[in-house]
Structures are given as C-alpha cells and as structure tokens.
Amino acid sequence: IVSDFTPVNMTLELESLECLDSNCPDELAWEETEVSSRSRVIRGISVPAGGKRTIMYSMILEATPEIHFDNHILNLNLILYLPVIPGIR
C-alpha cells in the first residue's frame, strides 16, 4: 500500500493512476481511507527485489492557497529571508 498527502484544495483524478514501467504486471487500484489528509491509498503495487516501480497519477488544484508573509525579516549573512506561510495545509 502506498499513500500520498491529499490536501483539501486538491482532487485526485482517479482514472489517471497507472504504472509506467514496461511490462508492469501490477493491477493498481485506489482504496478509500477515513483520513482526510490521505483520502485514498494505492493497492496492488509489487516491487521486485532490488528493483523499482514507477507509478503516476494526477491531481486537480481546486483553489490556490493564500499566502501570508511573516512580519519580520531575517538577515543572515547579508541574505534577507522572508518566510512565506501557505494558507491551506
């Protein structure tokens, strides 16, 4: 089983799930969870010993997160850092 973070502002395109390896025998499938930040997991992945497996899927960005700038600027080694905090987590 493999899971990935699924933020509330993104929607999985369920039909986009595929194995990109040639002659991939895996039958990949989404399975629902009860965890909102990881709404689905991928079942059916097998990785050969010492090998790798390449999978791909798409997500749609439903809303661009607001960003907030921290009120202070850090001056470290003459480089100015301005922390940015996303509004959707």
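Side-chain atoms are counted along with the backbone in the values below, which use heavy atoms only and exclude waters and symmetry mates.
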K.L.:
Between Val8 and Trp30, is there a shared hydrophobic cluster once you connect ILVMFWY residues whose side-chain heavy atoms come closer than 4.5 Å?
P.N.:
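As far as the 4.5 Å side-chain criterion goes, Trp30 and Val8 are not connected within one cluster.
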K.L.:
I want to check something: taking the side chain as every heavy atom from C-beta on, are Met59 and Pro7 in contact at a cut-off of under 4.5 Å?
P.N.:
yes
K.L.:
In the structure I gave you, are the side-chain heavy atoms of Thr6 and Arg40 within less than 4.5 Å of one another anywhere?
P.N.:
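Side-chain contact under 4.5 Å: no.
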K.L.:
Determine the minimum heavy-atom distance between Ser3 and Val41, stating which atoms define it.
P.N.:
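Of all heavy-atom pairs spanning Ser3 and Val41, the closest is CB-CG1, 3.6 Å.
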K.L.:
Checking Thr33 side chain against Arg38 main chain: does a donor-acceptor pair fall under 3.5 Å?
P.N.:
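Looks like yes, one N/O pair under 3.5 Å.
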K.L.:
Is Arg53 close to Cys24 at the side-chain level, that is, under 4.5 Å between some pair of heavy atoms?
P.N.:
yes
K.L.:
How long is the span from the CD atom in Glu34 to the OG atom in Ser39, to the nearest 0.5 Å?
P.N.:
12.5 Å
K.L.:
Is it the case that over 12 heavy atoms from other parts of the model lie below 6.0 angstrom from the CD atom of Glu27?
P.N.:
no
K.L.:
Between Asn9 (side chain only) and Ala63 (backbone N and O only), is there a donor and an acceptor less than 3.5 Å apart?
P.N.:
yes
K.L.:
Answer yes if Tyr57 and Met10 sit in the same cluster of Ile, Leu, Val, Met, Phe, Trp and Tyr residues linked by side chain heavy atoms under 4.5 Å apart, and no otherwise.
P.N.:
yes
K.L.:
Going hydrophobic residue to hydrophobic residue with side-chain gaps under 4.5 angstrom, can you get from Ile1 over to Met56?
P.N.:
no
K.L.:
Got a second to check how far Ile60's CD1 is from Thr11's OG1, nearest 0.5 Å?
P.N.:
6.0 Å
K.L.:
Taking Ser16 for its side chain and Glu13 for its backbone only, find out whether a donor-acceptor pair lies under 3.5 Å.
P.N.:
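Yes; at least one donor-acceptor contact below 3.5 Å.
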K.L.:
Answer yes or no: is there a donor N or O on one side and an acceptor on the other, between the side chain of Asp26 and the main chain of Ile45, under 3.5 Å?
P.N.:
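Not at all, since once roles are kept as given, no pair shorter than 3.5 Å links the two residues.
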K.L.:
Quick one: are Ile55 and Ile42 in side-chain contact, heavy atoms under 4.5 Å?
P.N.:
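Of all side-chain heavy-atom pairs linking Ile42 with Ile55, at least one is under 4.5 Å.
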